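Structure record follows, encoded as structure tokens.
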Amino acid sequence: MTKPKNDWLIDAEVQYKVTPVKGRWEVSLIFINTQDPNEVLVQVIGDYRSERLAEIYGRNIQQTAAKDPRGTQKVDKDAYDINNN
């Protein structure tokens with residue numbers, strides 16, 4: 001039996017990002033595969049009129065999405081080498 005393509009999302013680390021877009025603040029959730037940190041999924045979840053509202057919403061959704069009976073999943077920061085340039 002083959003493993004579903006997005007099966008890793010169950011164990012993913014969840015982060016959020018707030019960026020200005022056309023006078024609004026867009027909130028995105030970033031799912032990072034804890035086994036292969038080079039595999040990520042970015043999902044835009046909403047936009048808000050103020051940065052503060054976007055931050056509150058992003059933090060709340062991040063905490064909800066990251067709930068796991070084993071605790072919050074974290075990626076080993078030494079497991080990947082990404083050049084941001």
Side-chain angles (χ1 to χ4, degrees):
M1 186 171 159
T2 60
K3 193 173 171 181
K5 188 170 99 172
N6 291 332
D7 197 36
W8 63 270
L9 288 169
I10 294 168
D11 296 325
E13 176 181 348
V14 182
Q15 297 180 2
Y16 72 95
K17 180 179 180 181
V18 175
T19 52
V21 177
K22 296 181 182 177
R24 306 270 299 171
W25 294 90
E26 187 175 84
V27 180
S28 301
L29 279 184
I30 304 166
F31 297 89
I32 305 168
N33 187 340
T34 55
Q35 302 302 314
D36 178 11
N38 293 317
E39 185 171 16
V40 297
L41 173 69
V42 179
Q43 183 69 45
V44 176
I45 57 172
D47 64 276
Y48 296 87
R49 69 179 184 268
S50 74
E51 185 177 15
R52 178 155 166 68
L53 285 174
E55 286 284 341
I56 291 168
Y57 184 71
R59 196 173 314 114
N60 185 21
I61 294 298
Q62 174 193 24
Q63 289 171 349
T64 302
K67 285 196 178 184
D68 190 309
R70 296 166 292 166
T72 302
Q73 301 298 305
K74 291 289 181 189
V75 172
D76 180 7
K77 300 302 179 196
D78 295 327
Y80 59 94
D81 181 29
I82 296 176
N83 184 347
N84 291 328
N85 292 330

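Being a predicted model, the structure only gives us computed values, none of them experimental.
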Is it the case that Y16 and E55 place a side-chain donor and acceptor less than 3.5 Å from each other? yes
Measuring from atom CD1 of I10 to atom CZ of F31, what distance do you get when rounded to the nearest 0.5 angstrom? 12.0 Å
CG/D47 to CG/L53 distance, rounded to the nearest 0.5 angstrom? 11.5 Å
Determine the sole option in R52, R49, E51 for which the side chain to side chain contact (heavy atoms under 4.5 Å, CB included) test with W25 is passed. E51
Interatomic distance, K17 atom NZ to L29 atom CG [nearest 0.5 angstrom]: 12.5 Å
Candidate pair V18 and Y48, rule side-chain contact (heavy atoms from CB on, under 4.5 Å), full reasoning: CA-CA 10 Å; V18 175; Y48 296 87; over 6 Å; no
Please round to the nearest 0.5 Å and tell me the distance separating atom CG of L41 and atom OG of S28. 10.5 Å
If you measure from CG on L9 to CD1 on I32, what distance do you get to the nearest 0.5 Å? 11.5 Å
Hey, does the side chain of Q62 reach the backbone of V14 with a donor-acceptor pair shorter than 3.5 angstrom? yes
Shared hydrophobic cluster, V44 / V40 (ILVMFWY, side-chain heavy atoms < 4.5 Å): no
Give a yes or no answer on whether the side chain of T34 reaches the backbone of D11 with a donor-acceptor pair at less than 3.5 Å. yes
In terms of hydrophobic clusters joined by side-chain contacts under 4.5 Å, are V27 and I56 together? no
